[in-house]
Number of protein chains: 2
Amino acid sequence: MRYPEAETAEKHQRIVEAAAALFRARGLSGVSVSEVMKAAGLTHGAFYNHFASKDALIAEAIAETTKQFLDGLAAVSADRAGLEAYVTTYLSRAHLDAPGKGCVMAALATEIAHDPAAKPSFTKHFNILLTAFLSRFPGKSAAATRKDSIQTVSTMVGAMVLARATDDPALAEEILATVKHGLTTAN
Amino acid sequence: MRYPEAETAEKHQRIVEAAAALFRARGLSGVSVSEVMKAAGLTHGAFYNHFASKDALIAEAIAETTKQFLDGLAAVSADRAGLEAYVTTYLSRAHLDAPGKGCVMAALATEIAHDPAAKPSFTKHFNILLTAFLSRFPGKSAAATRKDSIQTVSTMVGAMVLARATDDPALAEEILATVKHGLTTAN
DNA sequence: CCGCAAACATGACGATCATCATGCTTGTGG
DNA sequence: CCACAAGCATGATGATCGTCATGTTTGCGG
(Lines give C-alpha, C1' and ligand atoms only; values in the text may rest on other atoms or scores of the structure.)
Protein backbone atom coordinates (compact mmCIF):
# COMPACT_ATOMS: atom_id res chain seq x y z
CA MET A 1 0.00 0.00 0.00
CA ARG A 2 1.07 3.47 -0.70
CA TYR A 3 -0.07 5.18 2.47
CA PRO A 4 0.83 3.93 5.94
CA GLU A 5 -1.59 1.23 6.86
CA ALA A 6 -2.54 2.86 10.12
CA GLU A 7 -3.32 6.13 8.41
CA THR A 8 -5.52 4.43 5.84
CA ALA A 9 -7.41 2.55 8.51
CA GLU A 10 -7.95 5.77 10.39
CA LYS A 11 -9.38 7.46 7.32
CA HIS A 12 -11.65 4.50 6.73
CA GLN A 13 -12.91 4.85 10.27
CA ARG A 14 -13.41 8.59 9.84
CA ILE A 15 -15.54 7.94 6.76
CA VAL A 16 -17.65 5.38 8.58
CA GLU A 17 -18.17 7.67 11.55
CA ALA A 18 -19.09 10.62 9.36
CA ALA A 19 -21.53 8.41 7.47
CA ALA A 20 -23.07 7.07 10.65
CA ALA A 21 -23.70 10.59 11.90
CA LEU A 22 -24.97 12.03 8.63
CA PHE A 23 -27.22 9.09 7.79
CA ARG A 24 -28.89 9.22 11.18
CA ALA A 25 -29.28 12.97 11.00
CA ARG A 26 -30.63 13.26 7.48
CA GLY A 27 -31.56 9.80 6.26
CA LEU A 28 -29.92 7.26 3.97
CA SER A 29 -31.21 8.86 0.80
CA GLY A 30 -30.69 12.37 2.13
CA VAL A 31 -26.92 12.11 2.22
CA SER A 32 -24.68 11.73 -0.80
CA VAL A 33 -21.39 9.90 -0.98
CA SER A 34 -19.67 13.21 -1.71
CA GLU A 35 -21.05 14.76 1.44
CA VAL A 36 -19.81 11.90 3.56
CA MET A 37 -16.35 12.13 2.05
CA LYS A 38 -16.21 15.86 2.54
CA ALA A 39 -17.23 15.43 6.18
CA ALA A 40 -14.39 12.95 6.53
CA GLY A 41 -11.95 15.45 5.03
CA LEU A 42 -11.55 13.72 1.66
CA THR A 43 -12.96 14.04 -1.84
CA HIS A 44 -15.45 11.73 -3.46
CA GLY A 45 -12.87 10.05 -5.68
CA ALA A 46 -11.23 8.17 -2.86
CA PHE A 47 -14.48 6.59 -1.80
CA TYR A 48 -14.18 3.47 -3.93
CA ASN A 49 -10.76 2.70 -2.50
CA HIS A 50 -12.55 2.06 0.77
CA PHE A 51 -15.99 0.71 -0.13
CA ALA A 52 -17.48 -1.30 -2.95
CA SER A 53 -20.62 0.84 -3.04
CA LYS A 54 -22.81 3.20 -1.04
CA ASP A 55 -24.70 0.13 0.15
CA ALA A 56 -21.50 -1.25 1.61
CA LEU A 57 -20.93 2.02 3.43
CA ILE A 58 -24.46 1.90 4.81
CA ALA A 59 -23.84 -1.59 6.15
CA GLU A 60 -20.65 -0.47 7.89
CA ALA A 61 -22.29 2.68 9.22
CA ILE A 62 -25.00 0.58 10.84
CA ALA A 63 -22.34 -1.53 12.48
CA GLU A 64 -20.67 1.62 13.78
CA THR A 65 -23.88 2.87 15.38
CA THR A 66 -24.25 -0.44 17.15
CA LYS A 67 -20.85 0.03 18.75
CA GLN A 68 -21.98 3.42 19.99
CA PHE A 69 -25.21 1.93 21.32
CA LEU A 70 -23.30 -0.69 23.30
CA ASP A 71 -21.08 2.02 24.77
CA GLY A 72 -24.18 3.81 26.00
CA LEU A 73 -25.52 0.65 27.58
CA ALA A 74 -22.22 -0.08 29.26
CA ALA A 75 -22.36 3.30 30.99
CA VAL A 76 -25.21 2.29 33.29
CA SER A 77 -25.31 -0.27 36.06
CA ALA A 78 -26.71 -3.75 35.44
CA ASP A 79 -29.72 -3.42 37.68
CA ARG A 80 -33.18 -1.91 37.68
CA ALA A 81 -31.83 1.56 38.45
CA GLY A 82 -29.39 1.35 35.55
CA LEU A 83 -32.12 0.27 33.18
CA GLU A 84 -34.30 3.18 34.22
CA ALA A 85 -31.41 5.57 33.83
CA TYR A 86 -30.86 4.26 30.34
CA VAL A 87 -34.53 4.62 29.40
CA THR A 88 -34.55 8.15 30.76
CA THR A 89 -31.54 9.12 28.71
CA TYR A 90 -32.96 7.46 25.62
CA LEU A 91 -36.25 9.28 25.91
CA SER A 92 -34.65 12.64 26.64
CA ARG A 93 -34.89 15.85 24.71
CA ALA A 94 -31.16 15.67 24.09
CA HIS A 95 -31.63 12.41 22.19
CA LEU A 96 -34.67 13.76 20.39
CA ASP A 97 -32.69 16.73 19.13
CA ALA A 98 -29.50 14.89 18.23
CA PRO A 99 -30.47 12.00 15.97
CA GLY A 100 -27.01 12.05 14.44
CA LYS A 101 -25.52 10.87 17.71
CA GLY A 102 -28.38 8.62 18.75
CA CYS A 103 -30.05 5.27 18.19
CA VAL A 104 -30.05 3.88 14.63
CA MET A 105 -33.41 2.26 15.06
CA ALA A 106 -35.06 5.52 16.00
CA ALA A 107 -33.30 7.37 13.19
CA LEU A 108 -33.43 4.99 10.25
CA ALA A 109 -35.79 2.08 10.89
CA THR A 110 -38.33 2.68 8.14
CA GLU A 111 -35.66 3.59 5.61
CA ILE A 112 -33.81 0.39 6.41
CA ALA A 113 -37.05 -1.50 5.92
CA HIS A 114 -37.22 -0.10 2.38
CA ASP A 115 -33.60 -0.83 1.56
CA PRO A 116 -32.90 -4.52 0.98
CA ALA A 117 -29.15 -3.91 1.09
CA ALA A 118 -29.33 -2.45 4.60
CA LYS A 119 -31.52 -5.09 6.22
CA PRO A 120 -28.95 -7.85 6.70
CA SER A 121 -26.57 -5.55 8.54
CA PHE A 122 -29.39 -4.15 10.63
CA THR A 123 -30.70 -7.59 11.51
CA LYS A 124 -27.31 -8.81 12.60
CA HIS A 125 -26.71 -5.80 14.81
CA PHE A 126 -30.22 -5.74 16.17
CA ASN A 127 -29.59 -9.23 17.50
CA ILE A 128 -26.34 -8.12 19.12
CA LEU A 129 -28.03 -5.13 20.63
CA LEU A 130 -30.95 -7.14 21.95
CA THR A 131 -28.59 -9.61 23.58
CA ALA A 132 -26.66 -6.78 25.21
CA PHE A 133 -29.86 -5.16 26.41
CA LEU A 134 -31.05 -8.50 27.71
CA SER A 135 -27.86 -9.18 29.64
CA ARG A 136 -28.45 -6.01 31.61
CA PHE A 137 -32.03 -6.82 32.55
CA PRO A 138 -32.27 -7.78 36.19
CA GLY A 139 -33.87 -10.95 37.52
CA LYS A 140 -36.42 -13.32 36.01
CA SER A 141 -35.79 -16.16 33.61
CA ALA A 142 -33.92 -15.73 30.36
CA ALA A 143 -37.09 -16.21 28.33
CA ALA A 144 -39.02 -13.60 30.27
CA THR A 145 -36.09 -11.26 30.03
CA ARG A 146 -35.95 -11.55 26.26
CA LYS A 147 -39.66 -10.79 26.04
CA ASP A 148 -39.25 -7.83 28.35
CA SER A 149 -36.35 -6.57 26.29
CA ILE A 150 -38.28 -6.77 23.05
CA GLN A 151 -41.25 -4.95 24.51
CA THR A 152 -39.19 -2.26 26.15
CA VAL A 153 -37.08 -1.65 23.05
CA SER A 154 -40.17 -1.54 20.84
CA THR A 155 -41.80 1.02 23.06
CA MET A 156 -38.71 3.21 23.29
CA VAL A 157 -38.12 3.13 19.56
CA GLY A 158 -41.76 3.77 18.74
CA ALA A 159 -41.91 6.75 21.06
CA MET A 160 -38.77 8.35 19.67
CA VAL A 161 -39.78 7.70 16.09
CA LEU A 162 -43.17 9.33 16.60
CA ALA A 163 -41.76 12.24 18.57
CA ARG A 164 -39.25 12.90 15.79
CA ALA A 165 -41.88 12.78 13.06
CA THR A 166 -43.80 15.48 14.85
CA ASP A 167 -43.61 19.18 14.20
CA ASP A 168 -45.03 20.24 17.53
CA PRO A 169 -42.38 20.28 20.28
CA ALA A 170 -45.01 20.08 23.00
CA LEU A 171 -46.50 16.95 21.49
CA ALA A 172 -43.07 15.40 21.03
CA GLU A 173 -42.20 16.00 24.65
CA GLU A 174 -45.56 14.68 25.76
CA ILE A 175 -44.88 11.43 23.93
CA LEU A 176 -41.43 11.08 25.46
CA ALA A 177 -42.56 11.98 28.97
CA THR A 178 -45.57 9.68 28.87
CA VAL A 179 -43.65 6.66 27.66
CA LYS A 180 -40.75 7.40 30.00
CA HIS A 181 -43.15 7.43 32.92
CA GLY A 182 -44.78 4.24 31.76
CA LEU A 183 -41.50 2.39 31.42
CA THR A 184 -39.92 3.55 34.67
CA THR A 185 -42.85 2.88 37.00
CA ALA A 186 -44.60 -0.19 35.62
CA ASN A 187 -43.67 -3.89 35.95
CA MET B 1 -62.70 23.58 -16.69
CA ARG B 2 -62.21 21.43 -19.66
CA TYR B 3 -62.92 18.02 -18.16
CA PRO B 4 -66.03 17.24 -16.15
CA GLU B 5 -65.40 18.28 -12.60
CA ALA B 6 -66.34 14.92 -11.18
CA GLU B 7 -63.95 13.14 -13.48
CA THR B 8 -61.10 15.43 -12.53
CA ALA B 9 -61.78 14.96 -8.84
CA GLU B 10 -61.80 11.23 -9.32
CA LYS B 11 -58.43 11.31 -11.04
CA HIS B 12 -57.05 13.48 -8.27
CA GLN B 13 -58.21 10.91 -5.77
CA ARG B 14 -56.71 8.07 -7.80
CA ILE B 15 -53.35 9.84 -7.78
CA VAL B 16 -53.48 10.37 -4.03
CA GLU B 17 -54.41 6.76 -3.39
CA ALA B 18 -51.69 5.45 -5.67
CA ALA B 19 -49.19 7.71 -3.94
CA ALA B 20 -50.32 6.63 -0.48
CA ALA B 21 -49.82 2.99 -1.40
CA LEU B 22 -46.51 3.41 -3.21
CA PHE B 23 -44.96 5.69 -0.61
CA ARG B 24 -45.79 3.29 2.20
CA ALA B 25 -44.53 0.33 0.22
CA ARG B 26 -41.27 1.78 -1.01
CA GLY B 27 -40.60 5.02 0.86
CA LEU B 28 -40.99 8.69 0.04
CA SER B 29 -37.69 8.93 -1.78
CA GLY B 30 -38.11 5.51 -3.36
CA VAL B 31 -41.05 6.53 -5.51
CA SER B 32 -40.94 9.05 -8.34
CA VAL B 33 -43.71 11.35 -9.45
CA SER B 34 -43.79 9.55 -12.79
CA GLU B 35 -44.36 6.21 -11.10
CA VAL B 36 -47.26 7.56 -9.10
CA MET B 37 -48.87 9.02 -12.21
CA LYS B 38 -48.41 5.81 -14.14
CA ALA B 39 -50.00 3.85 -11.28
CA ALA B 40 -52.92 6.28 -11.46
CA GLY B 41 -53.24 5.71 -15.20
CA LEU B 42 -51.85 9.08 -16.32
CA THR B 43 -48.55 10.50 -17.52
CA HIS B 44 -46.21 12.67 -15.53
CA GLY B 45 -47.13 15.86 -17.39
CA ALA B 46 -50.57 16.10 -15.82
CA PHE B 47 -49.15 16.03 -12.33
CA TYR B 48 -48.77 19.76 -11.91
CA ASN B 49 -52.39 20.34 -12.81
CA HIS B 50 -53.24 18.57 -9.56
CA PHE B 51 -50.40 19.37 -7.16
CA ALA B 52 -47.98 22.23 -6.62
CA SER B 53 -45.09 19.87 -5.94
CA LYS B 54 -44.13 16.39 -4.83
CA ASP B 55 -44.16 17.70 -1.27
CA ALA B 56 -47.79 18.69 -1.67
CA LEU B 57 -48.59 15.20 -2.90
CA ILE B 58 -46.82 13.72 0.12
CA ALA B 59 -48.92 15.86 2.42
CA GLU B 60 -52.14 14.71 0.77
CA ALA B 61 -51.01 11.10 0.73
CA ILE B 62 -50.45 11.22 4.47
CA ALA B 63 -53.97 12.58 4.92
CA GLU B 64 -55.29 9.72 2.80
CA THR B 65 -53.59 7.09 4.96
CA THR B 66 -55.17 8.66 8.02
CA LYS B 67 -58.61 8.15 6.52
CA GLN B 68 -57.76 4.50 5.98
CA PHE B 69 -56.49 4.21 9.55
CA LEU B 70 -59.74 5.59 10.91
CA ASP B 71 -61.71 3.12 8.82
CA GLY B 72 -59.75 0.29 10.41
CA LEU B 73 -60.43 1.61 13.88
CA ALA B 74 -64.13 1.99 13.16
CA ALA B 75 -64.31 -1.70 12.28
CA VAL B 76 -63.83 -2.85 15.87
CA SER B 77 -66.07 -2.43 18.89
CA ALA B 78 -65.42 0.37 21.38
CA ASP B 79 -64.47 -1.83 24.29
CA ARG B 80 -61.54 -3.81 25.58
CA ALA B 81 -62.23 -6.70 23.19
CA GLY B 82 -62.32 -4.34 20.24
CA LEU B 83 -59.05 -2.76 21.24
CA GLU B 84 -57.38 -6.15 21.53
CA ALA B 85 -58.77 -7.17 18.16
CA TYR B 86 -57.32 -4.03 16.67
CA VAL B 87 -53.90 -4.63 18.24
CA THR B 88 -53.94 -8.20 16.99
CA THR B 89 -54.70 -7.12 13.45
CA TYR B 90 -52.10 -4.39 13.60
CA LEU B 91 -49.39 -6.75 14.76
CA SER B 92 -50.29 -9.45 12.28
CA ARG B 93 -48.17 -10.98 9.56
CA ALA B 94 -50.64 -9.63 7.01
CA HIS B 95 -49.85 -6.08 8.11
CA LEU B 96 -46.13 -6.83 8.26
CA ASP B 97 -46.17 -8.01 4.66
CA ALA B 98 -48.43 -5.32 3.24
CA PRO B 99 -46.95 -1.97 4.23
CA GLY B 100 -48.58 -0.36 1.20
CA LYS B 101 -51.99 -0.92 2.74
CA GLY B 102 -51.01 -0.37 6.36
CA CYS B 103 -50.17 2.21 8.98
CA VAL B 104 -48.27 5.33 7.84
CA MET B 105 -46.38 5.60 11.06
CA ALA B 106 -44.98 2.12 10.75
CA ALA B 107 -44.15 2.64 7.09
CA LEU B 108 -42.76 6.17 6.91
CA ALA B 109 -42.05 7.57 10.37
CA THR B 110 -38.29 8.07 10.10
CA GLU B 111 -38.52 9.38 6.57
CA ILE B 112 -41.14 11.89 7.65
CA ALA B 113 -38.83 12.93 10.47
CA HIS B 114 -36.18 13.78 7.86
CA ASP B 115 -38.57 15.65 5.57
CA PRO B 116 -39.58 19.07 6.91
CA ALA B 117 -42.32 19.37 4.29
CA ALA B 118 -44.02 16.20 5.48
CA LYS B 119 -43.99 16.87 9.22
CA PRO B 120 -46.86 19.38 9.45
CA SER B 121 -49.24 17.05 7.67
CA PHE B 122 -48.11 14.11 9.77
CA THR B 123 -48.45 16.04 13.00
CA LYS B 124 -51.96 17.16 12.18
CA HIS B 125 -53.09 13.67 11.31
CA PHE B 126 -51.28 12.05 14.19
CA ASN B 127 -53.36 14.20 16.50
CA ILE B 128 -56.55 13.15 14.74
CA LEU B 129 -55.55 9.55 14.91
CA LEU B 130 -54.62 9.74 18.58
CA THR B 131 -57.96 11.31 19.40
CA ALA B 132 -59.80 8.58 17.51
CA PHE B 133 -57.78 5.90 19.24
CA LEU B 134 -58.44 7.54 22.56
CA SER B 135 -62.17 7.73 22.01
CA ARG B 136 -62.25 3.96 21.66
CA PHE B 137 -60.35 3.26 24.84
CA PRO B 138 -62.65 1.91 27.53
CA GLY B 139 -63.01 3.30 31.03
CA LYS B 140 -60.66 5.43 33.14
CA SER B 141 -60.25 9.18 33.05
CA ALA B 142 -59.54 11.10 29.88
CA ALA B 143 -56.01 11.89 30.99
CA ALA B 144 -55.18 8.29 31.79
CA THR B 145 -56.73 7.25 28.52
CA ARG B 146 -54.55 9.64 26.56
CA LYS B 147 -51.46 8.34 28.28
CA ASP B 148 -52.53 4.76 27.63
CA SER B 149 -53.13 5.58 23.99
CA ILE B 150 -49.72 7.14 23.53
CA GLN B 151 -47.99 4.20 25.16
CA THR B 152 -49.94 1.62 23.23
CA VAL B 153 -49.46 3.35 19.90
CA SER B 154 -45.74 3.81 20.56
CA THR B 155 -45.32 0.16 21.33
CA MET B 156 -47.29 -1.02 18.29
CA VAL B 157 -45.44 1.29 15.95
CA GLY B 158 -42.05 0.41 17.40
CA ALA B 159 -42.71 -3.29 17.08
CA MET B 160 -43.83 -3.06 13.46
CA VAL B 161 -41.01 -0.75 12.50
CA LEU B 162 -38.42 -3.10 13.99
CA ALA B 163 -40.03 -6.20 12.53
CA ARG B 164 -40.04 -4.58 9.10
CA ALA B 165 -36.40 -3.53 9.31
CA THR B 166 -35.47 -7.11 9.96
CA ASP B 167 -34.36 -9.64 7.39
CA ASP B 168 -35.11 -12.68 9.48
CA PRO B 169 -38.79 -13.68 9.31
CA ALA B 170 -38.56 -15.66 12.52
CA LEU B 171 -37.21 -12.66 14.40
CA ALA B 172 -39.85 -10.39 12.90
CA GLU B 173 -42.61 -12.72 13.98
CA GLU B 174 -41.08 -13.06 17.43
CA ILE B 175 -41.19 -9.29 17.84
CA LEU B 176 -44.80 -9.09 16.73
CA ALA B 177 -45.93 -12.04 18.83
CA THR B 178 -44.14 -10.85 21.93
CA VAL B 179 -45.51 -7.34 21.79
CA LYS B 180 -48.96 -8.58 20.84
CA HIS B 181 -48.98 -10.81 23.91
CA GLY B 182 -47.75 -7.98 26.10
CA LEU B 183 -50.43 -5.58 24.91
CA THR B 184 -53.36 -7.97 25.03
CA THR B 185 -52.78 -9.44 28.49
CA ALA B 186 -51.31 -6.62 30.58
CA ASN B 187 -53.10 -3.69 32.27
C1' DC C 1 -72.36 27.88 -31.19
C1' DC C 2 -67.87 29.88 -30.02
C1' DG C 3 -63.80 31.07 -27.50
C1' DC C 4 -61.36 30.31 -23.41
C1' DA C 5 -58.91 27.83 -20.23
C1' DA C 6 -58.43 23.49 -17.73
C1' DA C 7 -56.59 18.89 -18.23
C1' DC C 8 -53.56 15.93 -20.40
C1' DA C 9 -49.51 14.19 -23.18
C1' DT C 10 -44.84 14.56 -25.03
C1' DG C 11 -40.68 16.21 -24.46
C1' DA C 12 -36.97 19.08 -22.55
C1' DC C 13 -34.04 21.17 -18.85
C1' DG C 14 -31.12 21.49 -14.99
C1' DA C 15 -29.67 19.47 -10.96
C1' DT C 16 -28.11 15.67 -8.34
C1' DC C 17 -25.94 11.42 -7.74
C1' DA C 18 -23.54 6.90 -7.79
C1' DT C 19 -19.95 5.17 -10.07
C1' DC C 20 -15.97 4.95 -13.11
C1' DA C 21 -11.70 6.70 -15.70
C1' DT C 22 -7.48 8.86 -15.43
C1' DG C 23 -3.37 10.62 -13.68
C1' DC C 24 -0.50 12.07 -9.87
C1' DT C 25 1.66 11.23 -5.42
C1' DT C 26 4.18 8.73 -2.31
C1' DG C 27 5.43 4.93 0.85
C1' DT C 28 6.61 0.22 0.99
C1' DG C 29 8.61 -4.27 -0.48
C1' DG C 30 12.30 -6.11 -2.75
C1' DC D 1 17.38 2.80 -4.09
C1' DC D 2 13.75 1.67 -7.46
C1' DA D 3 9.56 0.13 -9.45
C1' DC D 4 5.05 -0.88 -8.43
C1' DA D 5 0.65 -0.22 -6.83
C1' DA D 6 -2.35 1.79 -3.14
C1' DG D 7 -4.56 5.96 -2.03
C1' DC D 8 -6.20 10.26 -3.36
C1' DA D 9 -7.92 14.09 -6.36
C1' DT D 10 -10.13 15.95 -10.51
C1' DG D 11 -13.18 15.26 -13.76
C1' DA D 12 -16.44 12.61 -16.75
C1' DT D 13 -20.49 9.66 -17.58
C1' DG D 14 -24.98 7.93 -17.59
C1' DA D 15 -29.08 7.55 -15.16
C1' DT D 16 -32.79 9.46 -12.49
C1' DC D 17 -35.76 12.91 -11.13
C1' DG D 18 -38.50 17.14 -10.08
C1' DT D 19 -40.26 20.63 -12.61
C1' DC D 20 -41.44 23.39 -16.55
C1' DA D 21 -42.56 24.49 -21.63
C1' DT D 22 -45.38 23.57 -25.34
C1' DG D 23 -49.02 21.92 -28.09
C1' DT D 24 -53.42 19.64 -28.31
C1' DT D 25 -57.86 18.25 -26.96
C1' DT D 26 -62.37 19.21 -25.25
C1' DG D 27 -66.15 20.61 -22.31
C1' DC D 28 -68.15 24.52 -20.06
C1' DG D 29 -69.78 29.54 -19.71
C1' DG D 30 -71.59 33.07 -22.34
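Quick caveat: nothing in here was measured; it's all calculated off a predicted structure. All values below were derived from every heavy atom in this structure, side-chain atoms included, with hydrogens, water molecules and symmetry-related copies excluded. So you know, we letter chains A, B, ... as the sequences are listed, proteins then strands, and number each from 1.
Residues in residues 16-25 of chain A take part in no salt bridge (Lys or Arg N to Asp or Glu O under 4.0 Å) pair, two or more places apart or across chains.
In this entry the distance linking CG of A/Leu57 with P of C/dC17 reads 15 Å, nearest Å. For the pair A/Phe51 CZ and C/dC20 P, the computed distance is 15 Å after rounding to whole Å. For A/Lys11 and C/dG27, the NZ to P distance is 11 Å, given to the nearest whole Å. One atom, CE of A/Met37, and another, P of D/dG7, lie 12 Å apart when rounded to the nearest Å. Atom CZ in B/Arg26 sits roughly 13 Å away from atom P in D/dT16 (whole-Å rounding). Atoms NZ (A/Lys38) and P (D/dT10) sit 11 Å apart, rounded to a whole Å.
Checked for salt-bridge contact, A/Asp97 and A/Arg93 meet the test: a charged N lies under 4.0 Å from a carboxylate O.
When the options A/Gln68, A/Met160, A/His95 are evaluated for a side chain to side chain contact (heavy atoms under 4.5 Å, CB included) with A/Cys103, the one that passes is A/His95.
The side chain of B/Thr43 lies closest to C/dA9, out of C/dA9, D/dG7, D/dC8.
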Please table the atom pairs, donor to acceptor, closer than 3.5 Å between any side-chain atom in residues 38-46 of chain A and protein atoms at least two apart or in another chain.
none

Exercise for the section: Scan nucleotides 17-23 of chain D nucleotide by nucleotide, 5' to 3', and note B when protein non-hydrogen atoms come under 4.0 Å of the base, S if they reach only the sugar-phosphate, - if neither. Expected result: SSB----
Practice task
With side chain to side chain donor-acceptor pair (under 3.5 Å) as the test, would you mind laying out the steps for A/Thr110 and B/Thr110 before giving the verdict?
Solution key: CA-CA 6 Å; A/Thr110 70; B/Thr110 70; 2.7 Å; yes
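Hydrophobic clustering of Ile, Leu, Val, Met, Phe, Trp and Tyr side chains at less than 4.5 Å, counting indirect connections, keeps B/Ile175 apart from A/Leu134.
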